[in-house]
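For the numbers below, each heavy atom of this structure counts, side chains included, while hydrogens, waters and symmetry mates do not. Because the structure is predicted, anything quoted here is derived from the model rather than measured. Naming convention: chains lettered A, B, ... in sequence-line order (proteins, then strands); numbering from 1 in each chain.
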2 protein chains.
Amino acid sequence: MVTIYDIAEHAGYSIATVSKALNNKKVSEKAKQKILDAVEELHYTPNSSARTLATNKSWMIGVVFGENLGIGIAHPFFSQVIEGFKKHAELYNYDLLFVSRHMGLGQETYKHLLHRGVDGIVIVQSHGEDEIGKLNHAIPTVYIDRPTNEPGTVYSDNLTGSKLAVNHLVENGHTKIAHIMGEQTTFAGIERAKGFKKAMREQGLPVREEYLVDGGFYSHAGGREAMIRLLSLNDRPTAVYVAGDVMAIAAMKVTKEWGLRVPEDISFVGFDDIKLAKHVDPALTTIRQDKGLIGQQAAIILLDKINTQGSTQNVDKKMVPVSLIKRDSVHRLA
Amino acid sequence: MVTIYDIAEHAGYSIATVSKALNNKKVSEKAKQKILDAVEELHYTPNSSARTLATNKSWMIGVVFGENLGIGIAHPFFSQVIEGFKKHAELYNYDLLFVSRHMGLGQETYKHLLHRGVDGIVIVQSHGEDEIGKLNHAIPTVYIDRPTNEPGTVYSDNLTGSKLAVNHLVENGHTKIAHIMGEQTTFAGIERAKGFKKAMREQGLPVREEYLVDGGFYSHAGGREAMIRLLSLNDRPTAVYVAGDVMAIAAMKVTKEWGLRVPEDISFVGFDDIKLAKHVDPALTTIRQDKGLIGQQAAIILLDKINTQGSTQNVDKKMVPVSLIKRDSVHRLA
DNA sequence: TCTCCAATCGAAAGCGCTTTACATGTGTAA
DNA sequence: TTACACATGTAAAGCGCTTTCGATTGGAGA
């Protein structure tokens with residue numbers, strides 16, 4: 001391995017000067033040039049561990065994924081958020097460290113992150129206990145789509161999303177509107193349901209108990225089951241607002257299996273705007289979450305925290321706007 | 001920060017002994033116990049940079065994602081593969097480092113990985129130049145779904161996959177079978193097309209030029225366009241084998257838009273078995289790739305390389321089996 | 001009691017870098 | 001010519017850990 005000593009010798013300067021030259025500290029042009037030449041010639045690559053040890057700065061951000069459904073990185077929503085996060089963070093030369101997590105979101109994970117010396121932590125898990133937050137530790141942290149005591153959370157404007165969905169349905173003549181809720185232990189699920197009820201009330205529409213069904217963790221199976229319950233009702237809704245696209249797609253499918261037409265008999269509005277939403281039949285009208293922007297905002301907040309380290313009053317929460325994407329799954333009632 | 005010195009002092013031993021105790025080297029039971037107690041009491045966490053510096057082992061594996069379509073981590077196929085990889089790697093206490101890649105898959109990326117001192121590299125990119133492979137460097141590397149000169153690649157058995165698809169179609173009475181190919185600069189795209197032709201020949205069926213259309217990078221748009229070309233033919237195929245599920249779903253959609261019935265008028269077989277394959281209408285018959293297993297195999301190969309460092313003859317290539325998943329998109333011809 | 005050996009522990013060097021505090025050299029003003 | 005300020009470079013310490021090799025100790029055997 002070629003070290004700073006080799007460069008120093010080759011260039012005829014001390015290692016201190018080499019270090020300065022490489023870190024853009026004050027050295028003469030001549031020295032800098034000679035050193036850079038040597039670096040080039042010897043194919044020198046600085047050792048990040050040594051640098052981290054000396055500076056106490058790792059240029060790594062720890063990523064903690066929840067275990068929801070055990071899919072981790074492959075989660076359709078979170079992976080896009082992280083992609084947005086990464087795009088921003090790498091502009092500032094941070095790498096992302098995905099740590100082992102057979103330990104869960106607990107003390108062990110935090111200890112491991114501490115061990116790794118990450119400069120910041122981004123937590124991507126929508127439910128479960130917030131053990132790390134409780135530790136009130138020293139590492140700057142940002143949360144995505146999850147409530148927390150600590151400042152630094154980014155999430156979609158779920159309330160407005162629900163409102164957009166309900167209003168769109170109402171504008172199309174629907175009054176018998178059901179809601180397939182997301183898991184009621186998740187922040188998003190709770191907020192969307194809350195938004196649904198609020199929007200219905202604002203429209204002067206009743207929120208019927210039997211039109212409120214829990215679809216669980218946003219899965220196909222959950223959406224299917226929830227829809228079956230709705231279909232089994234004597235007085236079926238004419239439209240259903242579903243708290244997640246995956247559930248919505250499953251719901252549409254089972255509706256068709258029951259011999260009903262979508263959207264003529266039952267209309268659907270989803271939430272997320274996953275890639276396939278526009279490719280199913282009928283194309284799904286949905287509330288789009290800007291995953292990339294969520295990730296980017298989280299990165300901005302975290303980098304700010306890292307750079308100011310509590311000196312300034314940090315951003316508390318950041319709500320990212322959502323939008324209604326009209327496609328073909330909503331029918332206009334006569 | 002509490003260091004090994006604090007532990008040493010607290011426990012009444014030297015730092016050397018502390019280090020040994022923590023690394024399960026030979027120390028007396030008594031010493032070990034006292035040291036462990038001190039660790040507990042002072043909330044000591046070892047510093048990985050220091051350890052890495054001293055041992056030249058980072059316990060990190062670098063992950064290089066391709067930029068195909070700019071989706072990176074959120075790629076529906078690769079993210080699942082990486083998830084499988086991670087599950088295995090973390091059993092052995094490795095963390096995954098996703099490095100910045102505004103640099104692409106070139107020398108710069110490799111330099112950065114070297115800088116980080118990762119113990120191994122997993123390359124997840126299906127096409128483009130293999131700059132890193134060319135460098136014939138020292139860091140153990142494994143490739144996923146991509147040909148390489150270096151030993152250490154994992155990929156699905158694309159040839160057999162194509163054969164399964166074609167045979168299934170033939171068994172259902174189809175003879176006019178088209179193929180929407182994946183991008184012909186990707187390994188998978190090439191192999192699947194090759195397998196298609198081979199299987200057709202084996203069945204004694206002609207491979208008609210106009211039944212072979214390129215869908216590009218496995219995207220919705222590509223699948224749609226390719227299908228339109230097929231639909232525009234005077235003599236349409238009765239079945240099409242599509243090299244990717246996303247393209248297949250787009251193809252089915254446009255077929256229905258053209259007023260044809262799926263699968264009665266045209267049958268479809270996809271490739272991948274993405275999550276939504278079974279939730280579209282009709283549910284897509286497809287060739288399943290075992291993404292988790294691919295990732296796991298890659299991890300096994302890489303860890304083996306890391307641990308043997310060229311001393312043994314390493315595994316060259318590893319082909320992961322695929323399977324036919326029968327659903328509702330194939331119609332039996334009378 | 002003395003010798004010898006095995007078990008146990010510790011001093012110190014070293015991993016590759018940054019940074020402080022000081023030494024040297026150069027040019028400028030008096 | 002002398003004094004001084006500034007620019008430039010360096011020695012050395014330190015970041016937190018591992019590991020080698022020698023020192024110390026205690027017990028077994030004679």
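The CG atom of B:N24 sits 13 Å away from the P atom of D:dT19 (whole-angstrom rounding). At whole-Å resolution of the value, CD1 in B:I35 and P in D:dT18 are 12 Å apart. Atom-to-atom, CZ of B:R51 to C1' of C:dG14 comes out at 17 Å; the value is rounded to the nearest Å. Atom CG in A:L22 sits roughly 7 Å away from atom P in C:dT18 (whole-Å rounding). The separation between A:N56 atom CG and C:dC17 atom P is 18 Å, rounded to whole Å. Per the geometry, OH belonging to A:Y13 stands 13 Å off C1' belonging to D:dA7, to the nearest Å. At whole-Å resolution of the value, NZ in A:K20 and P in C:dA21 are 12 Å apart. Nucleotide D:dG14 holds its P atom 14 Å from the CG atom of A:L53, rounded to whole Å.
Remark on DNA chain D: of its neighbouring residues B:A16 and A:K26, the 5'-side contact belongs to A:K26, judged by nearest-heavy-atom nucleotide. The residue among A:I15 and A:V27 whose nearest nucleotide of DNA chain D lies closer to the 5′ end is A:V27.
On a pure distance criterion of 3.5 Å, no polar donor-acceptor pair joins the side chain of A:K25 and the base of D:dT8.
At least one side-chain heavy atom of B:V63 sits less than 4.5 Å from a side-chain heavy atom of B:V122. In this structure, B:M1 and B:N47 have side chains that are in contact, with non-hydrogen atoms separated by less than 4.5 Å. Taking 4.5 Å as the limit, some side-chain heavy atom of B:D37 sits within range of a side-chain heavy atom of B:Q33.
Relative ring orientation between A:Y155 and A:F187 is described as perpendicular, the plane-to-plane angle rising above 60° on a 0-90° scale split at 30° and 60°.
In the set D:dG16, C:dC9, C:dT18, the nucleotide with an atom closest to the side chain of A:A54 is C:dT18. Closest approach to the B:N23 side chain among C:dG10, C:dT20, D:dT18 is made by D:dT18 (side chain taken as heavy atoms from C-beta onward).
Residue contacts shown for B:Y5 include a base, since a base heavy atom lies under 4.0 Å away.
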